[in-house]
Participant: 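Below is the structure I would like to discuss, written out as structure tokens.
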Amino acid sequence: MDRLQAKRPLYPLVSVVSPLVVLVVGLLTAKSPCFPAYIVAVVLLYCAFGLAKQAVMSLAVFIPVSLVFALFSFLFQRNFSAAGQMAGRVILLGVSALPMVTLPPINLTRCIAALGMPRIITLGMLIAIRFVPVVQGEVGRVREAMKTRGVRHSFYRTFAVPVMIRLINISDTMALSLETRAFSTGREPVSVYKPVVFAARDAFYSAAVFALIITWVVMA
Amino acid sequence: MIKLEKITIRDAAFIANMAALLFVTSAVAMPLMTITLFGLRNMVTAIFYAFFATVINIRVHKPGAITLLGVFYGAILLMMSPVMCVTNIVSACFAEVISLALFRSYENTKGMFLAPALIAPLTLPFTAVFSVIMNDVAFSDVVQSSYLVPLAIFGTVLLSFAGVFLGWKIGSELKKAGRL
């Protein structure tokens with residue numbers, strides 16, 4: 001996921017809301033004959049705001065996937081137009097999420113913490129996002145241990161139980177270290193380290209998305 | 001009255017870890033993304049969702065725990081698919097509301113197990129709505145697209161309850177051993 005992160009990410013709330021607007025408007029107007037132009041405009045807009053590399057990577061994945069969906073659609077409906085629309089929707093689904101995908105999780109956490117979101121949610125979100133590789137590592141270690149001991153067919157006793165116990169230990173240790181560092185869920189005043197601010201670039205981006213949506217709705 | 005208890009840092013850390021584990025195990029459904037059969041992905045992830053939610057309820061058993069699982073899992077999914085994120089958060093929230101409305105608290109064993117069992121089946125209506133918009137077809141077309149759809153829906157419900165049973169089994173064992 002880190003490979004996809006933008007060098008200059010947009011303001012987190014803008015990164016979350018704008019893809020949803022772009023996707024919903026796109027899906028509702030996908031029958032328009034100019035729908036490919038909308039996708040191209042969205043991609044160009046993202047490229048203009050520093051997401052060119054990520055857009056190419058996303059297209060490289062979603063174009064083949066969209067072709068599979070289009071093939072299924074054609075096989076079921078025997079309609080080229082419907083298959084084309086299906087491909088367009090799948091590409092839009094992948095491409096529209098780019099600002100969200102390229103957003104560093106810490107920026108989102110800092111932003112919603114600064115906006116007064118309960119600390120239990122911001123903290124939990126950060127732990128959940130950051131712990132995916134750790135959990136993957138633990139699962140891998142338990143599987144390695146199973147292989148070393150020559151265990152193949154005992155899922156419950158040799159895999160599920162050790163993974164759960166390991167994860168419970170990790171979460172207990174983490175909770176203890178959070179408490180010793182004075183993290184709490186109370187209403188004590190807190191400061192946000194490196195707060196994320198809404199910059200002029202974010203305003204330009206928001207205006208550009210708004211203009212694109214209005215133009216597209218008028219055209220479609 | 002629903003008895004509200006404060007979720008502690010310890011609870012949040014545990015739920016967040018379980019959300020990460022849920023994401024890792026649910027990754028088995030990723031290759032199914034290319035199969036358009038309605039309900040198939042929900043069916044595959046149902047057992048994991050129910051399993052981890054049950055383990056969370058056995059340890060935390062406080063109102064809000066299942067919603068928090070949905071929020072934390074949704075936060076991971078947000079980086080990949082906003083639609084899945086919204087679907088998971090809303091269905092977890094609904095499952096908790098229904099369970100608490102019926103049983104008032106998680107002190108009751110039935111309430112503790114009902115919420116986890118409801119999460120995956122509740123994702124089905126949201127997936128159907130998304131499929132209607134995405135494929136631009138009528139709701140009946142989505143549900144009646146294949147004779148396998150009722151099977152997938154039934155499988156989702158069945159695997160949810162199987163997940164709850166597995167979660168209860170492992171959770172009871174871990175509780176007995178003093179780990180939960």
Participant: In terms of the angle between their ring planes, are B:Phe94 and B:Phe126 parallel, tilted or perpendicular, with boundaries placed at 30° and 60°?
Facilitator: tilted
Participant: So which atom in B:Ala95 and which in B:Ala115 form the shortest heavy-atom distance, rounded to 0.1 Å?
Facilitator: CB-O, 3.5 Å
Participant: Heavy-atom distances under 4.5 Å only: say whether A:Val16 touches chain B with side chain, backbone, both or neither.
Facilitator: side chain
Participant: Please state whether the side chain, the backbone, both or neither of A:Leu176 comes within less than 4.5 Å of a heavy atom of chain B.
Facilitator: neither
Participant: Which label fits A:Trp216 and A:Phe35: parallel for a plane angle under 30°, tilted from 30 to 60°, or perpendicular past 60°?
Facilitator: tilted
Participant: Counting only non-hydrogen atoms closer than 4.5 Å, does B:Val86 touch chain A with its backbone (N, CA, C, O), its side chain (CB onward), both, or neither?
Facilitator: neither
Participant: In terms of heavy-atom proximity below 4.5 Å to chain A, should B:Leu78 be classed as side chain, backbone, both, or neither?
Facilitator: both
Participant: Would a distance-only check, ignoring hydrogens and angles, find a side-chain to backbone donor-acceptor pair under 3.5 Å from B:Asn57 to B:Met112?
Facilitator: yes
Participant: Looking at B:Val24, B:Asp11, B:Ile9, which one has more heavy-atom pairs under 4.5 Å with chain A than the rest?
Facilitator: B:Ile9
Participant: Using modelled atom types and a 3.5 Å cut-off, is there a donor and acceptor pairing between side-chain atoms of A:Thr109 and backbone atoms of A:Pro105?
Facilitator: yes
Participant: If we define contacts as heavy-atom pairs under 4.5 Å, which of A:Val132, A:Leu27, A:Ile127 has the most with chain B?
Facilitator: A:Val132
Participant: Side chain from CB out, backbone as N, CA, C, O: work out which of these in B:Thr25 comes under 4.5 Å of a heavy atom of chain A, or both, or neither.
Facilitator: neither
Participant: Which atom names give the shortest non-hydrogen contact between B:Met18 and B:Leu69, and what distance separates them?
Facilitator: C-CD1, 4.5 Å
Participant: Would you mind telling me which of A:Leu126, A:Thr122, A:Val196, A:Leu115 makes a side chain to side chain contact (heavy atoms under 4.5 Å, CB included) with A:Arg110?
Facilitator: A:Val196
Participant: Chain B heavy atoms under 4.5 Å from A:Val134: which part of the residue, side chain, backbone, both or neither?
Facilitator: neither
Participant: Name the region of A:Leu167, side chain, backbone, both or neither, that has any atom closer than 4.5 Å to a heavy atom of chain B.
Facilitator: both
Participant: Please report the closest heavy-atom contact between A:Ser96 and A:Pro19, naming both atoms and the distance.
Facilitator: O-CB, 3.0 Å
Participant: Can you tell me which portion of A:Ala97 sits under 4.5 Å from chain B's heavy atoms? Options are side chain, backbone, both or neither.
Facilitator: side chain
Participant: Go through the atoms of B:Lys6 and report whether side chain, backbone, both or neither lie under 4.5 Å from a heavy atom of chain A.
Facilitator: side chain
Participant: For A:Leu20, which atoms come within 4.5 Å of any heavy atom of chain B: side chain, backbone, both, or neither?
Facilitator: side chain
Participant: For A:Leu103, is it the side chain, the backbone, both, or neither that has a heavy atom closer than 4.5 Å to a heavy atom of chain B?
Facilitator: backbone
Participant: CG/B:Leu22 to CZ/B:Phe48 distance, rounded to the nearest 0.5 angstrom?
Facilitator: 9.0 Å
Participant: Mind ranking A:Thr102, A:Asn169, A:Val139, A:Val24 by heavy-atom pairs under 4.5 Å with chain B and telling me who comes out on top?
Facilitator: A:Asn169
Participant: If you count heavy-atom pairs under 4.5 Å with chain A, which of B:Ala177, B:Ala27, B:Ala16 comes out on top?
Facilitator: B:Ala16
Participant: Do A:Arg181 side-chain atoms and A:Ser177 backbone N/O form a donor-acceptor pair below 3.5 Å?
Facilitator: yes
Participant: Would you say B:Glu96 and B:Thr67 are linked by a side-chain donor-acceptor pair, where the criterion is simply a distance under 3.5 Å?
Facilitator: yes
Participant: Which answer fits A:Ile170, side chain, backbone, both or neither, if we ask what part of it has an atom under 4.5 Å from a heavy atom of chain B?
Facilitator: both
Participant: So which residue, B:Leu68, B:Leu174, B:Val71, ends up with the most heavy-atom pairs under 4.5 Å with chain A?
Facilitator: B:Leu174
Participant: With only heavy atoms counted, which part of B:Tyr73 is less than 4.5 Å from chain A, the side chain, the backbone, both or neither?
Facilitator: neither
Participant: Side chain, backbone, both or neither: which part of B:Phe14 has a heavy atom under 4.5 Å from chain A?
Facilitator: both
Participant: Distance alone, cut at 3.5 Å: any donor-acceptor contact between the side chains of A:Tyr205 and A:Ser18?
Facilitator: yes
